[in-house]
Enquirer: 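Pasting a structure here, questions to come.
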Amino acid sequence: MRYDLVIFDNDGVLVDSEPISNRLLAGYLTELGHPTSYEESLRDYMGSAMHRVHDMVLERTGRRLPENFDDVFHGRVFAAFERELEPVPGAVGVLEKLAADGVPYCVASSGSHERIRVGHRKTGLDRFFDDERIFSSQDVGKGKPAPDLFLYAAERMGVAPGRCVVVEDSPLGVQAAVAAGMDVYGFTAMTPASRLAGAGRLFGDMAELADLLAS
């Protein structure tokens, strides 16, 4: 194994949540008078913390989103997760292999702790992640593309940044990992490879990851 710690993004890497959440985000923003397509939501918000949505809407329109925006949005997302959410194909196999080989791993997500746990419970991934392996942008106050979350996760896991590899599927996440001084593997299942150009390696099938990490 080339690394002492594998740090996974969550949405789109472990749980197939990006189509669900971006469909709902685009719809809710449009409902509030900020017309947004699904493709625009993916482009602008995929991989980001909620504060980026507020900041970009305010910057573009001069109008603030409602105070209950996050609560309403997350309510819709969690309800949809219960109906639709599945693990990313191949993710269970990768986690089983890492666990069997004793390779340290964790998740570091722009999503809230509640969102991470709801998704893991629904998909059965909670068996791989105890509280000590879950890190959220809530823990650091500044989401991706800032490196803070990845650096915090590495510190808590007791591993130097240079010995970590991050598995990401968003440009913001790749930027954050590079800024943290970590290697990055870019997952291209939903994101064009050209938008993850900062990643050291690119792959499109999660089932490939275990072999890539060992090579």
Side-chain angles (χ1 to χ4, degrees), residues 1-15 46-49 87-113 115-117 119-120 125-191 193 195-215:
M1 179 68 188
R2 299 172 58 197
Y3 301 99
D4 295 334
L5 177 64
V6 182
I7 303 177
F8 290 94
D9 176 41
N10 189 57
D11 294 294
V13 170
L14 295 176
V15 296
M46 182 174 167
S48 68
V88 167
V92 170
V94 169
L95 293 170
E96 288 177 338
K97 182 73 164 60
L98 294 177
D101 293 347
V103 176
Y105 64 87
C106 65
V107 62
S109 172
S110 294
S112 66
H113 278 282
R115 178 182 173 124
I116 297 167
R117 285 167 171 79
H120 285 188
L125 297 186
D126 53 343
R127 64 190 171 104
F128 297 105
F129 293 96
D130 54 25
D131 288 346
E132 285 69 35
R133 295 178 189 264
I134 297 177
F135 305 100
S136 161
S137 60
Q138 286 181 313
D139 299 325
V140 294
K142 185 183 291 187
K144 307 167 189 178
D148 304 41
L149 175 57
F150 290 138
L151 293 172
Y152 177 73
E155 179 184 7
R156 289 291 301 273
M157 296 293 289
V159 178
R163 296 297 303 161
C164 299
V165 61
V166 175
V167 184
E168 264 288 353
D169 71 331
S170 75
L172 295 175
V174 169
Q175 292 174 43
V178 170
M182 301 176 180
D183 283 357
V184 196
Y185 284 21
F187 183 44
T188 62
M190 279 197 62
T191 308
R195 297 198 67 211
L196 302 178
R201 302 184 79 164
L202 298 171
F203 69 106
D205 184 346
M206 190 57 65
E208 303 172 5
L209 181 60
D211 289 340
L212 288 175
L213 290 171
S215 64

Enquirer: Under the 3.5 angstrom rule, does the side chain of D101 hit a backbone N or O of V103 as a donor-acceptor pair?
Expert: no

Enquirer: Could E96 and R127 be called an ion pair, given the rule that one side-chain N must be under 4.0 Å from one carboxylate O?
Expert: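 Looking at E96 and R127, the cut-off is met.
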
Enquirer: If you define the side chain from C-beta out and look only at heavy atoms, does anything of L95 sit under 4.5 Å from L125?
Expert: yes

Enquirer: Just wondering, do R133 and V107 contact through their side chains at under 4.5 Å, heavy atoms?
Expert: no

Enquirer: Does anything in residues 135-145 form a salt bridge (Lys or Arg N to Asp or Glu O under 4.0 Å)? List the pairs, not counting sequence neighbours.
Expert: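 Pairs touching residues 135-145 that pass the test: D9-K144, K144-E168.
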
Enquirer: Who are the ring-ring contact (aromatic ring centres under 6.0 Å, His included) partners of Y185, not counting sequence neighbours?
Expert: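 Y185 satisfies ring-ring contact (aromatic ring centres under 6.0 Å, His included) with no residue once adjacent residues are dropped.
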
Enquirer: Could you go step by step and tell me if L5 and C106 meet the side-chain contact (heavy atoms from CB on, under 4.5 Å) rule?
Expert: CA-CA 8 Å; L5 177 64; C106 65; 4.3 Å; yes

Enquirer: Evaluate the side-chain proximity of L151 to P161: yes if any heavy-atom separation is below 4.5 Å, no if none is.
Expert: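 Yes. Closest side-chain heavy atoms under 4.5 Å.
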
Enquirer: Tell me whether S109 contacts the main-chain N or O of S136 through its side chain, where contact means a donor paired with an acceptor under 3.5 Å.
Expert: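 Not at all, since once roles are kept as given, no pair shorter than 3.5 Å links the two residues.
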
Enquirer: For a ring-ring contact (aromatic ring centres under 6.0 Å, His included) with F129, tell me which candidate from F135, Y105, F8 qualifies.
Expert: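 Single pass found, and it is Y105.
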
Enquirer: Run the side-chain contact (heavy atoms from CB on, under 4.5 Å) test on S215 and R201 for me, step by step, so that the C-alpha distance in whole Å, both residues' side-chain angles and the decisive distance to 0.1 Å come before the verdict.
Expert: CA-CA 12 Å; S215 64; R201 302 184 79 164; 3.2 Å; yes

Enquirer: Do you know the tightest heavy-atom contact between A199 and G186?
Expert: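 Taking A199 first and G186 second, the nearest heavy atoms are CB-N, 3.6 Å.
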
Enquirer: Are M206 and V94 close enough that some pair of their side-chain heavy atoms sits under 4.5 Å apart?
Expert: yes

Enquirer: Tell me yes or no: between the side chains of H120 and N10, is some donor less than 3.5 Å from an acceptor?
Expert: yes

Enquirer: Mind checking whether M46 and T191 have side chains closer than 4.5 Å, heavy atoms only?
Expert: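 Yes; the side chains approach each other to less than 4.5 Å.
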
Enquirer: Return the minimal non-hydrogen interatomic distance between S170 and L196, and the atom names on each side.
Expert: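 Distance-wise, the nearest heavy atoms are C-CD2, 3.5 Å.
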
Enquirer: Any sub-3.5 Å donor-acceptor pair from S137's side-chain atoms to S110's backbone N or O?
Expert: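 Side chain of S137 to backbone of S110: a pair is present.
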
Enquirer: Restricting to side chain to side chain donor-acceptor pair (under 3.5 Å), what partner residues turn up for D148, sequence neighbours left out?
Expert: none

Enquirer: Of all the heavy-atom pairs spanning A189 and G204, show the shortest one and how long it is.
Expert: CB-O, 4.1 Å

Enquirer: So, taking the atom named CD in E155 and the one named CZ in F150, what distance separates them when rounded to the nearest 0.5 Å?
Expert: 15.5 Å

Enquirer: Report the C-alpha distance between D183 and R163 in whole Å, list the side-chain angles of each, state the deciding distance to 0.1 Å, and finish with yes or no for side-chain contact (heavy atoms from CB on, under 4.5 Å).
Expert: CA-CA 8 Å; D183 283 357; R163 296 297 303 161; over 6 Å; no

Enquirer: Would you check if P87 and V15 make a side-chain contact, meaning some heavy-atom pair closer than 4.5 Å?
Expert: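 No, their side chains stay 4.5 Å or more apart.
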
Enquirer: In sequence, state the C-alpha distance, the side-chain angles, and the governing distance for L14 and V88, and then conclude on side-chain contact (heavy atoms from CB on, under 4.5 Å).
Expert: CA-CA 5 Å; L14 295 176; V88 167; 5.7 Å; no

Enquirer: Could you tell me whether R195 and D169 have a side-chain N and a carboxylate O separated by less than 4.0 Å?
Expert: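 No, no charged N to carboxylate O under 4.0 Å.
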
Enquirer: Below 4.0 angstrom, N of the basic side chain to O of the carboxylate: do R115 and D11 qualify?
Expert: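 Answer for the salt bridge query: yes.
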
Enquirer: CG/D126 to CD1/I116 distance, rounded to the nearest 0.5 angstrom?
Expert: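 CD1 of I116 is found 13.0 Å from CG of D126.
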
Enquirer: Calculate, to the nearest 0.5 Å, the distance between atoms CZ and CD1 belonging to R117 and I134 respectively.
Expert: 4.0 Å

